[in-house]
Amino acid sequence: MDEKTLREAGYRQYRGSEIDVWFNLNICQHSGNCVRGDSRLFKLQRQPWIMPDNVDKATVIRVIDTCPSGALKYCVK
């Protein structure tokens, strides 16, 4: 998906230098796979709670691919 489509679908962008993470709260099932996947990338008590540059690109992709709802997407730059 491109950025325009993601925005129109209700996703919010979290920018990183090599990869951007997109999140849509409206479709999130709160499975917790993201925060259990890597707390350096996803941490609920932090603002912003998603920080793509805290881990390598492969980790971002691996963790997001475990999201069962599709609430998380990524775009490699």
Side-chain angles (χ1 to χ4, degrees):
M1 269 190 225
D2 62 48
E3 291 185 12
K4 182 178 184 235
T5 304
L6 287 166
R7 273 194 193 83
E8 289 172 352
Y11 284 81
R12 179 174 176 200
Q13 184 178 25
Y14 295 84
R15 295 180 189 271
S17 59
E18 294 183 28
I19 190 167
D20 291 342
V21 174
W22 293 80
F23 175 67
N24 187 332
L25 179 61
N26 295 324
I27 62 174
C28 179
Q29 296 174 351
H30 306 287
S31 69
N33 288 4
C34 54
V35 292
R36 283 192 309 274
D38 198 304
S39 63
R40 296 169 297 165
L41 174 59
F42 296 97
K43 191 166 192 168
L44 296 175
Q45 297 81 17
R46 175 181 63 207
Q47 287 297 327
W49 77 285
I50 301 173
M51 297 185 69
D53 286 341
N54 280 3
V55 297
D56 60 86
K57 181 172 51 175
T59 300
V60 174
I61 293 168
R62 177 184 54 79
V63 174
I64 289 178
D65 284 346
T66 69
C67 179
S69 66
L72 290 165
K73 304 283 186 193
Y74 61 86
C75 293
V76 177
K77 296 181 178 181

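Sequence positions, counted from 1, serve as the residue numbers for this chain.
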* Structure fact -> On a heavy-atom basis, the closest approach of C75 and L6 is SG-CD1, 3.8 Å
* **V76-I50 co-clustered via ILVMFWY side chain contacts under 4.5 Å** => yes
* To do: Count the heavy atoms belonging to other residues, nucleotides or ligands that lie under 6.0 Å from CZ of R46, then report whether that count exceeds 12.
  => yes
* Roughly how far, to the nearest 0.5 Å, is OG of S39 from CD of Q45? -> 10.0 Å
* Do I64 and V21 pass the side-chain contact (heavy atoms from CB on, under 4.5 Å) test, and can you show the C-alpha distance, the side-chain angles, and the key distance before you say yes or no? -> CA-CA 9 Å; I64 289 178; V21 174; 3.7 Å; yes
* Cluster question for you: counting only ILVMFWY and a side-chain heavy-atom cut-off of under 4.5 Å, with indirect links fine, are L25 and M1 together? -> no
* **Minimum side-chain heavy-atom gap Y11-T5 below 4.5 Å** => no
* Note: R40-D38 ion pair, threshold 4.0 Å (strictly below) -> yes
* Asked: So does K77 have more than 12 non-hydrogen atoms from other groups sitting under 6.0 Å from NZ?
  -> yes
* Structure fact -> In this structure, CD of E3 is separated from CH2 of W22 (nearest 0.5 Å) by 4.5 Å
* Between CZ of R7 and CZ of R12, what distance do you get to the nearest 0.5 Å? -> 11.5 Å
* Asked: Which word best sums up how the rings of W49 and F42 line up, parallel for under 30°, tilted for 30 to 60°, or perpendicular for over 60°?
  -> tilted
* Same cluster for L72 and V35 if Ile/Leu/Val/Met/Phe/Trp/Tyr side chains link at under 4.5 Å? -> yes
* **ILVMFWY network linking Y74 to V55, side-chain heavy atoms under 4.5 angstrom** => yes
* Structure fact -> Between D20 and R15 the two heavy atoms that sit nearest each other are OD1-CA, 3.2 Å
* If we ignore angles and hydrogens, is there a donor and acceptor under 3.5 Å between the side chains of S17 and D53? -> yes
* Is the side chain of N54 donor-acceptor paired with the backbone N or O of L41 at a distance under 3.5 Å, no angle test? -> no
